[in-house]
Number of protein chains: 2
Amino acid sequence: MEKFDDNLRQFAGYSMKRAMSLIQTDVNAALAPFELRMVTFSALVVIADNPGLKQAQLADALSIERPNLVLVVDELERRDLILRDRDPADRRAYALQVTLAGRRLRDRAMAAVQDHERRMTAGLTEDQRQALIAALRQIEENGKADDDSGKVSRA
Amino acid sequence: MEKFDDNLRQFAGYSMKRAMSLIQTDVNAALAPFELRMVTFSALVVIADNPGLKQAQLADALSIERPNLVLVVDELERRDLILRDRDPADRRAYALQVTLAGRRLRDRAMAAVQDHERRMTAGLTEDQRQALIAALRQIEENGKADDDSGKVSRA
DNA sequence: TATTGTTATACTCTATAACTATA
DNA sequence: TATAGTTATAGAGTATAACAATA
């Protein structure tokens with residue numbers, strides 16, 4: 001049963017949209033006990049791994065627009081998980097730092113997300129999981145290349 | 001450069017979100033000449049492949065909520081790409097049918113989406129592309145199973 | 001002039017409750 | 001009472017323009 005969409009299943013994007021929707025639901029449930037969402041978790045991890053990062057750099061790393069990042073950083077700062085140090089060399093910019101509480105929450109959330117990953121990729125071998133991630137990165141590279149060439153030809 | 005998010009790259013969901021965002025942009029650009037979006041294209045294809053389908057069945061097949069499907073079907077009907085036949089056996093329901101114009105537009109849009117698929121999966125062998133789709137379907141099954149068990153234990 | 005962070009805003013996607021007409 | 005389609009609405013997520021402070 002449920003083969004109404006057979007013709008769409010030839011497209012990676014179609015299955016990806018469906019898989020992504022379920023992953024989003026599952027990871028948000030996994031992060032709910034920590035009052036984190038996918039984007040706040042991602043920001044927390046990247047800040048912890050890259051002390052002194054500026055907001056613009058973080059937005060670029062996570063591929064989100066700067067205005068949308070402001071509320072994410074606000075939320076992490078309000079909960080004392082990170083702090084906004086002033087960059088002495090450039091007083092416009094913040095140097096983002098994780099706090100001890102932030103590091104501890106990240107560790108617990110990271111374990112929960114790893115559980116989530118194991119749940120969602122159950123039935124795949126580790127090789128298959130790595131091949132999946134590699135294929136997704138290839139698509140990302142292809143998409144970025146198209147994006148760039150579009151920008152260049154428009155410019 | 002740009003390895004700020006190395007720690008997040010171990011998660012399929014993280015790379016998937018990034019790949020999906022670029023796919024969405026690219027497929028919408030590919031469908032723009034036909035004034036279709038991903039969801040209207042998908043609905044058109046499934047209706048064409050399953051004449052007489054009811055809206056509730058279509059919503060279920062595409063995993064979108066019934067209220068959100070209404071505007072999608074409205075749009076396709078307004079453009080005379082599909083029509084809403086009344087089901088004589090159940091006067092509450094519509095039997096959705098593709099029109100000749102709808103079939104023709106679907107054919108042209110399908111070719112454009114196949115081009116898009118080739119562009120986005122460039123650099124992958126056909127085996128790798130098929131493995132990607134299989135892995136995504138496995139994740140979808142895992143996510144559905146979790147979803148269901150959640151519902152059961154809550155019920 | 002250009003850039004950092006910010007505000008305001010708008011548009012899409014998604015989810016739920018409640019209605020109507022039929023069953 | 002349950003279901004098909006609909007309406008209204010609210011919440012995310014995402015994108016752009018424009019501003020103040022600083023470079």
Side-chain angles (χ1 to χ4, degrees), chain A residues 13 16-18 20-25 27-29 31-32 35-43 47 52-78 82-96 147 151 154, chain B residues 13-14 16-18 20-25 27-29 31-32 35-43 47 52-78 82-96 147 151:
Chain A
M16 198 182 300
K17 185 166 167 46
R18 300 179 68 106
M20 192 62 223
S21 165
L22 292 163
I23 284 183
Q24 194 104 29
T25 298
V27 78
N28 282 333
L31 288 171
E35 294 179 271
L36 290 171
R37 292 166 294 143
M38 198 171 177
V39 65
T40 47
F41 170 75
S42 299
I47 293 168
L53 207 66
K54 291 189 292 184
Q55 283 188 201
Q57 292 175 307
L58 178 58
D60 192 58
L62 296 178
S63 289
I64 66 184
E65 298 301 321
R66 266 77 54 170
N68 296 330
L69 180 65
V70 172
L71 294 182
V72 172
V73 174
D74 280 353
E75 186 178 330
L76 294 174
E77 186 191 33
R78 180 179 42 74
I82 64 160
L83 37 90
R84 291 198 243 223
D85 272 1
R86 272 294 171 192
D87 182 341
D90 183 348
R91 288 183 313 180
R92 294 170 304 181
Y94 292 123
L96 302 175
D147 224 34
K151 275 175 192 165
R154 256 179 260 122
Chain B
Y14 180 75
M16 199 182 299
K17 185 167 167 46
R18 299 180 68 107
M20 192 63 224
S21 164
L22 292 163
I23 285 183
Q24 194 104 29
T25 299
V27 78
N28 282 333
L31 288 170
E35 293 180 273
L36 290 171
R37 293 165 294 143
M38 199 172 177
V39 66
T40 47
F41 170 74
S42 299
I47 292 168
L53 207 66
K54 291 189 292 185
Q55 282 188 201
Q57 292 175 306
L58 178 58
D60 193 58
L62 296 178
S63 290
I64 66 183
E65 298 300 320
R66 268 75 56 168
N68 296 329
L69 180 64
V70 173
L71 294 183
V72 172
V73 174
D74 280 353
E75 186 179 331
L76 295 175
E77 186 190 33
R78 181 179 41 75
I82 64 160
L83 38 89
R84 291 198 243 224
D85 272 2
R86 273 294 173 192
D87 183 340
D90 183 346
R91 289 183 312 180
R92 294 171 303 181
Y94 292 122
L96 302 174
D147 224 34
K151 276 174 192 165

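Letters go in sequence order (proteins before strands), and every chain restarts at 1.
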Could you tell me whether the side chain of A:N68 has a donor or acceptor atom within less than 3.5 Å of a complementary atom in the base of D:dA15? yes
Begin with the C-alpha distance, continue with both residues' side-chain angles, and end with the deciding distance and a verdict on side chain to side chain contact (heavy atoms under 4.5 Å, CB included) for A:N28 and A:R37. CA-CA 6 Å; A:N28 282 333; A:R37 292 166 294 143; 4.2 Å; yes
Looking only at heavy atoms, what is the nearest atom pair of A:R86 and A:R92, with distance? NH1-O, 3.1 Å
Search all heavy atoms of B:R84 against all heavy atoms of B:L96 and return the closest pair with its distance. CG-CD2, 3.8 Å
A:E75 atom CD is separated from C:dG5 atom C1', nearest whole Å, by 18 Å
Would you say the base of C:dT3 and the side-chain of A:R92 have a donor-acceptor pair closer than 3.5 Å? yes
In whole Å, I'd like the distance from the NZ atom of B:K54 to the C1' atom of D:dT3. 8 Å
Starting from P on C:dT14, measure out to CE on B:M20 and report it in whole angstrom. 10 Å
What is the distance, to the nearest angstrom, from the CG atom on B:L71 to the C1' atom on C:dC11? 14 Å
Of A:P67 and A:S21, whose closest DNA chain C nucleotide lies nearer the 5' terminus? A:P67
Expressed as a whole number of angstroms, how long is the span from B:L62:CG to C:dC13:C1'? 14 Å
Can you measure B:R66 atom CZ to C:dT14 atom P for me and round it to whole angstrom units? 15 Å
Expressed as a whole number of angstroms, how long is the span from A:L58:CG to C:dT4:P? 13 Å
With heavy atoms under 4.0 Å as the rule, sort B:Q55 into base, sugar-phosphate or nothing. sugar-phosphate
Taking OP1 and OP2 of D:dT14, is either one under 4.0 Å from a side-chain nitrogen or oxygen of B:K17? yes
Reckon A:R84 has a side-chain N or O less than 4.0 Å from the OP1 or OP2 of C:dT6? yes
note: A:L53, atom CG; C:dT4, atom P; distance rounded to Å ~ 12 Å
Rounded to the nearest 0.5 Å, what separation is found between the CG atom of B:D87 and the OH atom of B:Y94? 12.0 Å
Of the nucleotides C:dA23, D:dT7, C:dT7, which one has an atom closest to the side chain of A:V70? C:dT7
On DNA chain D, more 5' by nearest nucleotide between B:D74 and A:E65 is B:D74
Give the intermediate values and the outcome of side chain to side chain contact (heavy atoms under 4.5 Å, CB included) for residues A:I47 and A:L83. CA-CA 10 Å; A:I47 293 168; A:L83 37 90; over 6 Å; no
Of the nucleotides C:dC13, C:dG5, D:dG5, which one has an atom closest to the side chain of B:Y94? D:dG5
Are B:R91 and C:dA23 close enough that a side-chain N or O sits under 4.0 Å from OP1 or OP2? yes
